[in-house]
Amino acid sequence: MAWGGNPRLHILTTDPSVAKVSGGRKKTVSFSSMPSEKKVSSAADCLAFMQGGCELKKVRPNSRIYSRFYTLDPELACLRWEPSKKDGDRARLDISAIREVRTGKSTETFLYNGPSDHLAEEAAFSIIHGDEYQSLDLVALSADVANIWVTGLRYLLSHPGSIGGGDGGVGEGSIGNKMRQNWLAAEFALVDEDGHGIASEDTAVATICKLCPGIREAKVRLRFKEIQRSKEKLTSHVTLEEFQEAYCELCTRPDVYFLLVQLSKDRECLDAQDLRLFLETEQGLPLATTEGCLELLRRFEPSTAGHERGLLGLDGFTCYLQSAECQLLDPEHQNVCQDMKMPLSHYFISASYRSYLLDDQVHGRADLGGLIRALQAGCRCLEFGVTDGPEGEPLLGVDHVVNKYAFLTSQYPLLLYLCQRCSPSQQRTLAQHLKKVFGPKLYTPESLPVSLGGRATTLPSPEQLKGKVLLVGKKLPPEEEGSEGEVSEEDEEIEELGVVLVVPPPPHAQPSQQHSPLSTPSTPGTPMTLDPPYWTLESPEELVNFTKRNLTRVRPSSVRLDSSNPNPQGYWKGGVQLVALNQQTPGAMLDLTRGRFMQNGGCGYVLRPAVMREEVSYFSAQSQGCVPGVPPQTLRVKVISAHSLPKPQGSGAKGEVIDPYVVLELHGVPADCTEQRTRTAAQNQDDPLFDETFEFQVNMPELALLRFVVLDDDYIGDDFIGQYTIAFECLQPGYRNVPLLGLAGDPLPHGSLFVHIAITNRRGGGKAQRRGLSVRRGARRGREYVTLRNTGIKVLDDTFRPASGPLREATDLREDALSSTVAFKEQCGLPPMATLKQCIQSLATRLQSPDGPPSATLTLKEGYPCLEPVGNLTDATRKLLNGYDTIIASNKQLIENAEGLHERIAQVQKEGMVFHEDLARLGEKENLKGRKQSKAVESFAWNITVLKGQCDLLRSAKLDALDTLRQLALACEVSGLILTSDGHYTPHGLSSRRGSSHGNGRI
């Protein structure tokens, strides 16, 4: 068969997937990937399946949905359906009349038809046909079946010689398939020692396991046994043909195969230009070059023919998608990538609590290995107890271990929290002992120009304190120095919320201790401890403001017996820097912590959001909507498949198969917290297909964490299989590999999820807008504009007032550019999440003439890429070109006016900040007291935050506009709509553009 070696797709015989899953963990089961008698493993098999026919749902513009039985005729010349009111000759659609085949719910019938909302996006597709580009809108019983119809139809469109000839042309084989078969023949020849064209079963199994890492040996051996039984062979020797058949059936990933077919126009291989377009438009790498793509081809393509011809086949493409190049985590974050020269209070700091206890918190055995593992994981704050010992020596016992491992993983400062219960005399002995063990690593007041113990304006930075050990603890108050008293852990706790570590106290705070902390010793060379007074705060906003200059720490309650952990996200959103967890206790809370600190190279320090660091800013931990000054984002995650899933630990008695499903959890501010789940892939063993898309609105991206959890569906209880947690800021867009981790945080061998990530501004993507919303002239009337608050202080309000106009203009520029892009996608029959490449490809099919040049070509007008019509155009095509022109015009307006508006808004912000230090006096002058005064300060902070945020949005929008121009120009070039001497185009302002915001921007 022509496309031998394509995936074996398992076809469903029921209709389980018409309903979408939304929110919660309501369990539904998908049988779309269960084994059955019908299997598809080639393009010819796709066509054969279509000739056998199946039921599809037809969606009509009048909102009605019909079930029809569709078939491809034996001559491959037309589609037929029944029942139909039309006679047999009219109930047909000629293949020659088909213009294109679209996936998803992308036509007007789907977008504006309410009843179709409950139909699965992944199972929908549309056939565009006729001179008027009418659409036949269909929904299959599963994503697998939809993929078969789309692949078969696209094959016929790209191979017109097959039409009318039955099997003609299908059996010739594609370029990619020939590369694959020749490569497998070469690999087989290496183990065919006698040259007789056979190999032992053990050798064949080992070879396939070598070529396809992660596949289970038992699975390969079972397939060879099945082949032997089907052929009634008496020998276990394997022929070349059997070797190729087994490899192609077992090692071909259907998800990757269908993606490759889509990208390669059915050639089953990519050239450098195909790969470059994929990297640019899907993977978020706008600086990809042809030379870089050729280098990728050479690195990942296994076949000699592919190397020689500069082509990437299915196996090379699969290898690339599974490589570090396509990991979900942006490689920039694998190393320290944040500014480490800010005060300590500006960072979240990885903290450990009693990680040396193996079991519970009362009778648990102590193990130094727990402290070592915590340090190796990047923890930068450890806690351990110190008590009076015999012969005047305090009991510590861990200092030498901490000294050895303190800076192996991270060079940034280590905080040691001493829960000491020592008498004054042994405290002095302890100080000398610590100085002896840590030597110059120990921070002392004279070792830096800024003291941690005094009332300094700001704390030192992690960069300043590199390689230093800081002691944190509480000593006996002066009046008790002569006693044998102790500082108990209970004295340090405030309602299980932990303690404040660093002075000065916040305004309006009440001290929660009856005695004053002992002042820090000023004797030169004495180890420095952070004296922790403890304070209660009235509101979350006060806590956030307090932490801008002061370190805070929380820990699990000391009255509990087990080693459970609290949810750290609840404290991070309040600005708390040190959330101490039991590092020895696996689970979701520890997963979130590891995900948070992975975003800065695992060094134990992560910059807090800007609104938590800036001197004047507004942020509430209880925010239920948009955060002022922070651009909200739409995150769209398509869970495509899972691979090499192990059975849950301890599930040996449950049988050989698992019923996996995936839960997606979003953690962040209250408005962002949610979870959604896929259907259960029943009895799908270790490589289930899901093909489900989920959408999340993210109001505070800098605090958001995304957690993937894979569970085994079971009536008794759903067993944990694996998880992966990642900060929103670390996500890379496009098709990505998600490496799964076990319960203890160790990687699952070859276990992974395959997903697609898309991130857009809220109004630029997400759910489709209703008809005409983005293109009507009155659309601005319903537009939401950011507003400044009245402070009640005349001089301030007069200062902020001139920003109202520029803020409105800035919003219009951004929204016009976004809505013009959405409108163009709608006109092309594509959803808002489609790429501009797909839009241009759709447009190009209407502009291409059979014999001559296209009816529009790319030209430069004032440095902007415009499409110039050539010859006569249909009204529909001219409307599309008008939509393209609107995109160029709106982005041109944004690019040329953003800088001026930015300067006007920034000037108002600068003038407003002049009054920051004088707010109290200005409020008194206006007779503002108590709550009114606090409200005026809050409104001032709101306004400053909004102004700064809008400046940042403008800057980002201009860069996005430059990216839009570049994508349009590249897509026109690839689609044959460009006529230049060198075949390339550099859009206006490209020299000043940036790299991708969600990728490393280079190859």
Side-chain angles (χ1 to χ4, degrees), residues 329-353 355 371 373-383 402 405-417 441 443 447-448 450 452 456 458-472 498 501-502 528 530 544 547-555 568-569 571-581 583 590-614 701-705 725-730 745:
L329 176 69
D330 188 332
E332 179 185 354
H333 294 273
Q334 292 177 351
N335 300 303
V336 176
C337 58
Q338 297 179 342
D339 185 356
M340 302 303 290
K341 297 180 180 179
M342 295 189 182
L344 281 176
S345 57
H346 287 0
Y347 299 84
F348 294 125
I349 304 173
S350 179
S352 167
Y353 178 72
S355 294
L371 284 176
R373 286 188 291 273
L375 287 169
Q376 290 174 333
C379 281
R380 294 289 85 194
C381 181
L382 299 178
E383 175 179 332
V402 172
Y405 291 92
F407 301 106
L408 294 184
T409 297
S410 173
Q411 288 295 307
Y412 293 102
L414 175 66
L415 282 64
L416 297 184
Y417 193 88
K441 298 177 185 176
Y443 172 79
S447 61
L448 283 177
V450 181
L452 285 178
T458 59
L459 296 171
S461 69
E463 187 67 30
Q464 285 178 292
L465 295 171
K466 250 185 177 181
K468 291 292 183 180
V469 175
L470 282 68
L471 301 183
V472 183
L501 296 183
V502 181
M528 170 63 73
L530 299 187
V544 172
T547 60
K548 291 177 182 179
R549 292 177 179 270
N550 303 279
L551 283 176
T552 57
R553 174 180 176 268
V554 299
R555 56 171 172 77
Q569 191 71 34
Y571 301 105
W572 287 330
K573 71 182 182 183
V576 176
Q577 296 95 339
L578 293 143
V579 182
L581 298 186
Q583 299 286 326
L590 194 57
D591 295 339
L592 295 177
T593 298
R594 288 169 175 164
R596 169 71 63 209
F597 290 99
M598 189 168 55
Q599 72 183 96
N600 194 26
C603 73
Y605 287 81
V606 168
L607 264 180
R608 301 194 306 164
V611 292
M612 292 183 176
R613 307 192 313 262
E614 292 162 353
E702 289 181 280
L703 274 182
L705 292 165
T725 306
I726 185 171
F728 181 89
E729 298 287 290
C730 298

Legend entry - Within-4.5 Å side-chain heavy-atom neighbours: E729 and E702: yes

Inset, instruction - Taking T725 for its side chain and G595 for its backbone only, find out whether a donor-acceptor pair lies under 3.5 Å. - result: no

Legend entry - G604 backbone acceptor or donor facing S350 side chain under 3.5 Å: no

Legend entry - Within-4.5 Å side-chain heavy-atom neighbours: L415 and R380: no

Legend entry - Set of salt bridge (charged side-chain N to carboxylate O under 4.0 Å, His left out) partners for E614, sequence neighbours left out: K948

Legend entry - Those residues that, when tested against Q577, pass side-chain hydrogen bond (donor to acceptor under 3.5 Å, both in side chains) (two or more places apart): T552

Inset, instruction - Mark yes or no for whether Y405, through its side chain, and L371, through its backbone, hold a donor-acceptor pair below 3.5 Å. - result: no

Inset, instruction - Answer yes or no: is there a side-chain heavy-atom contact under 4.5 Å between I349 and V579? - result: no

Inset, instruction - Determine the interplanar angle of the W572 and F597 rings, folded into 0 to 90°, and report it as parallel if under 30°, tilted if 30 to 60°, perpendicular if over 60°. - result: perpendicular

Legend entry - Closest approach of L581 to T593 (non-hydrogen atoms, all atoms of both residues): CD1-OG1, 2.8 Å

Below 3.5 Å, can you tabulate the donor-acceptor pairs from side chains in residues 335-344 to any protein atom, sequence neighbours excluded?
residue: Q338; atom: OE1; partner: L607; partner atom: N; Å: 2.7
residue: D339; atom: OD1; partner: K341; partner atom: N; Å: 2.9

Inset, instruction - Under the side-chain hydrogen bond (donor to acceptor under 3.5 Å, both in side chains) rule, collect the residues that match up with Q411, sequence neighbours excluded. - result: none

Legend entry - With T547 via side-chain hydrogen bond (donor to acceptor under 3.5 Å, both in side chains) - residues at least two apart: R608

Inset, instruction - Mark yes or no for whether N600, through its side chain, and Y605, through its backbone, hold a donor-acceptor pair below 3.5 Å. - result: yes

Legend entry - Any side-chain heavy-atom pair of L471 and Y443 under 4.5 Å: no

Inset, instruction - Apply side-chain hydrogen bond (donor to acceptor under 3.5 Å, both in side chains) to S352 and list each qualifying residue two or more places apart in sequence or on a separate chain. - result: S355

Inset, instruction - Compare every heavy atom of C381 with every heavy atom of L578, then report the nearest pair and how far apart it is. - result: CD2-CB, 3.6 Å

Inset, instruction - Would you mind reporting whether F348 and M612 have side-chain heavy atoms less than 4.5 Å apart? - result: yes

Legend entry - Euclidean distance, R596 CZ relative to Q569 CD, rounded to 0.5 Å: 5.0 Å

Legend entry - Side chain to side chain, V402 and L416, heavy atoms closer than 4.5 Å: yes

